[in-house]
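Beneath this line is the structure, given in structure tokens, with notes to follow.
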Amino acid sequence: MPDFLSDGVRLAFIDEGRRDGEPVLLIHGFASNVQVNWVGTGWVDLLVKDGRRVIAIDNRGHGSSQGPHDPEDYHARDKMALDVLRLLDHLAIARADVMGYSMGAWISAYLAIDHPERVRSVVFGGLGLAMVTGISGQEKIARALEAARDEDVESAVGKSYRDFAIRTGSDRLALAACMRGSRQAVPEAEIATLAMPVLIAVGTKDIVSGSAEDLAALIPGAEVLLIPNRDHMLAVGDRVFKDGVRAFLSRRP
């Protein structure tokens with residue numbers, strides 16, 4: 001994967017498809033990476049076949065990107081959203097459709113709020129009202145990631161994140177710092193300022209994301225896509241999600 005420097009941190013990305021195609025930028029979720037979230041699920045191939053230019057970033061602390069171990073280096077607004085902005089600058093892309101999943105949706109929201117001129121439309125996948133209310137249990141997950149042995153982990157949720165991090169070969173200390181530093185709730189008044197087309201896509205069995213409908217009620221003109229019988233982990237690769245996003249992108253101004 002090619003890479004670039006963002007405030008001294010080397011970050012990996014992919015840039016696929018037609019250079020003259022409409023750019024779409026993909027931002028993966030916590031403990032995932034470009035390959036797991038977007039390539040392995042078929043998203044990149046699908047969007048490239050639609051004639052789009054597809055850019056996806058390995059967030060700091062994930063995949064092939066460098067990972068600081070200080071939670072302050074993972075602030076969603078002041079660090080991670082600016083990483084994405086710098087990638088657009090690095091590639092000389094003035095404006096892109098942006099899709100984030102879970103933590104990536106948080107990053108997408110701050111990018112769209114602070115730099116609306118760079119975001120043509122935005123898809124919040126796997127994250128509903130929890131974007132505004134926040135998600136609990138972060139410290140248990142961070143401690144599970146830091147544990148020296150599996151038997152030291154008491155939290156079932158923490159164990160699932162730890163297992164996923166091990167399977168993906170992730171830097172668990174970087175992920176623990178990210179978990180502690182990245183989950184700043186988006187103020188209601190700020191999310192309500194979004195004026196570009198917005199799609200909120202959540203699985204009907206997702207107990208993490210919060211209500212898609214309640215988040216949409218805060219954003220003028222936002223659309224909701226419910227992904228039947230899918231939880232937080234399985235919704236990302238679902239055909240309903242893919243078809244809904246492609247339809248949304250095809251009809252947005």
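- In this structure, D50 does not pair ionically with K242, as no charged nitrogen and carboxylate oxygen lie closer than 4.0 Å.
- Looking at every heavy atom in both residues, P220 comes nearest to A192 through CD-O, 3.4 Å.
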Requested in this report: Test E22 against L249 for side-chain contact (heavy atoms from CB on, under 4.5 Å), laying out the working first.
Outcome: CA-CA 10 Å; E22 293 183 347; L249 293 175; over 6 Å; no

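- Using bins of under 30°, 30° to 60° and over 60° for the plane-to-plane angle, the ring pair Y101/F241 lands in the tilted bin.
- No donor-acceptor pair under 3.5 Å is formed between the side chain of R118 and the backbone N or O of A112.
- For E154, the CD atom is loosely surrounded, since the number of other residues' heavy atoms within 6.0 Å does not exceed 12.
- Open room surrounds CD on E72; 12 or fewer heavy atoms of other groups in view lie less than 6.0 Å from it.
- No side-chain heavy atom of R230 sits under 4.5 Å from any side-chain heavy atom of V240.
- Counting all heavy atoms, side chain and backbone alike, I93 lies closest to P23 at CG2-CG, 3.8 Å.
- Residue A176 comes nearest to L145 through the heavy atom pair N-CD1, 3.8 Å, listed as atom of the first residue, atom of the second, then distance.
- In the hydrophobic cluster analysis, where Ile, Leu, Val, Met, Phe, Trp and Tyr join through side-chain heavy atoms closer than 4.5 angstrom, M233 is grouped apart from W43.
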Query raised in the report: What do the steps show when you test M80 against I27 for side-chain contact (heavy atoms from CB on, under 4.5 Å), and what is the final call?
Result: CA-CA 10 Å; M80 301 183 81; I27 310 174; over 6 Å; no

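- No chain of hydrophobic side-chain contacts below 4.5 Å, direct or via other Ile, Leu, Val, Met, Phe, Trp or Tyr residues, connects V224 to V122.
- There is no path of hydrophobic side-chain contacts, each under 4.5 Å, that joins L46 to I227.
- At least one side-chain heavy atom of F164 sits under 4.5 Å from a side-chain heavy atom of S32.
- The side-chain heavy atoms of D114 and R77, taken from C-beta on, include a pair separated by under 4.5 Å.
- A donor-acceptor pair under 3.5 Å is formed between the side chain of Q66 and the backbone N or O of R10.
- Side chain of R120 to main chain of V24: no donor-acceptor pair is present (N/O by atom type, distance under 3.5 Å, no hydrogens or angles).
- The line from CG of L199 to CE of M99 is 9.5 Å long, rounded to the nearest 0.5 Å.
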Requested in this report: Could you give me the CA-CA distance, side-chain angles and deciding distance for I207 and D231, then say whether side-chain contact (heavy atoms from CB on, under 4.5 Å) is met?
Outcome: CA-CA 7 Å; I207 61 173; D231 62 15; over 6 Å; no

**Report entry** Worked check of salt bridge (Lys or Arg N to Asp or Glu O under 4.0 Å) between D83 and K79
**Finding:** CA-CA 6 Å; D83 289 340; K79 297 292 185 178; over 6 Å; no

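- Atom-to-atom distance recorded for I135:CD1 and S209:OG is 8.0 Å, nearest 0.5 angstrom.
- Each of L226, I200, V202 was evaluated against E213; a single residue qualifies, L226, per the side chain to side chain contact (heavy atoms under 4.5 Å, CB included) test.
- Looking at D7 and V9, their side chains never come closer than 4.5 Å, going by heavy atoms from C-beta outward.
- Considering CG of N229 and CG of L234, their distance stands at 11.0 Å, rounded to 0.5 Å.
- Note that the CG atom of N37 and the NE2 atom of H62 stand 10.0 Å from one another [nearest 0.5 Å].
- Considering every non-hydrogen atom in both M131 and A109, the closest pair reads SD-CB, 3.7 Å.
- Put simply, the side chain of L87 does not reach to within 4.5 Å of the side chain of L11, judged on heavy atoms.
- Under a 4.0 Å N-O distance rule, the pair D45/K49 does not qualify as a salt bridge.
- Taking OH of Y110 as the reference point, atom CG of L82 lies at 12.5 Å (rounded to 0.5 Å).
- Taking the six-membered ring for Trp and the full ring otherwise, the centers of H69 and Y74 sit at least 6.0 Å from each other.
- Counting heavy atoms from C-beta on, the side chains of S64 and D3 never come closer than 4.5 Å.
- The hydrophobic cluster containing M103 also contains F13, counting ILVMFWY residues as joined when their side-chain heavy atoms lie under 4.5 angstrom apart, directly or transitively.
- Proximity of a side-chain donor or acceptor of R60 to a complementary backbone N or O of D73 within less than 3.5 Å is detected.
- Here R162 contributes atom CZ and L175 contributes atom CG; the two are 11.5 Å apart, rounded to the nearest 0.5 Å.
- D58 and S65 share no donor-acceptor pair across their side chains, judged by distance under 3.5 Å alone.
- With hydrogens and angles ignored, the 3.5 Å screen pairs a side-chain donor or acceptor of R19 with a backbone N or O of G17.
- Counting heavy atoms from C-beta outward, V84 and H115 have side chains that stay 4.5 Å or more apart.
- For the pair G244 and L225, the tightest heavy-atom approach, listed with the atom from each and the gap, is CA-CD2, 3.8 Å.
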Report task. Take L91 and R53, measure what side-chain contact (heavy atoms from CB on, under 4.5 Å) needs, and give me the verdict at the end. Result -> CA-CA 11 Å; L91 297 174; R53 180 178 180 180; 4.1 Å; yes

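- Taking both residues in full, the closest heavy atoms of S121 and D97 are given as OG-OD1, 2.6 Å, listed atom of the first, atom of the second, then distance.
- When ring centroids are compared, F30 and W106 stay outside the 6.0 Å threshold.
- Salt bridge absent: E117 and R95 never bring a charged side-chain N and a carboxylate O closer than 4.0 Å.
- Note on L26: it clusters hydrophobically with M1, by side-chain heavy-atom contacts below 4.5 Å among ILVMFWY residues.
- Within the 4.5 Å cutoff, the side chain of D89 has no heavy atoms near those of the F4 side chain.
- Remark: of the listed residues K140, R180, R172, R180 is the sole one forming a salt bridge (Lys or Arg N to Asp or Glu O under 4.0 Å) with E146.
- With hydrogens and angles disregarded, no donor-acceptor distance shorter than 3.5 Å links the side chain of E139 to the backbone of S136.
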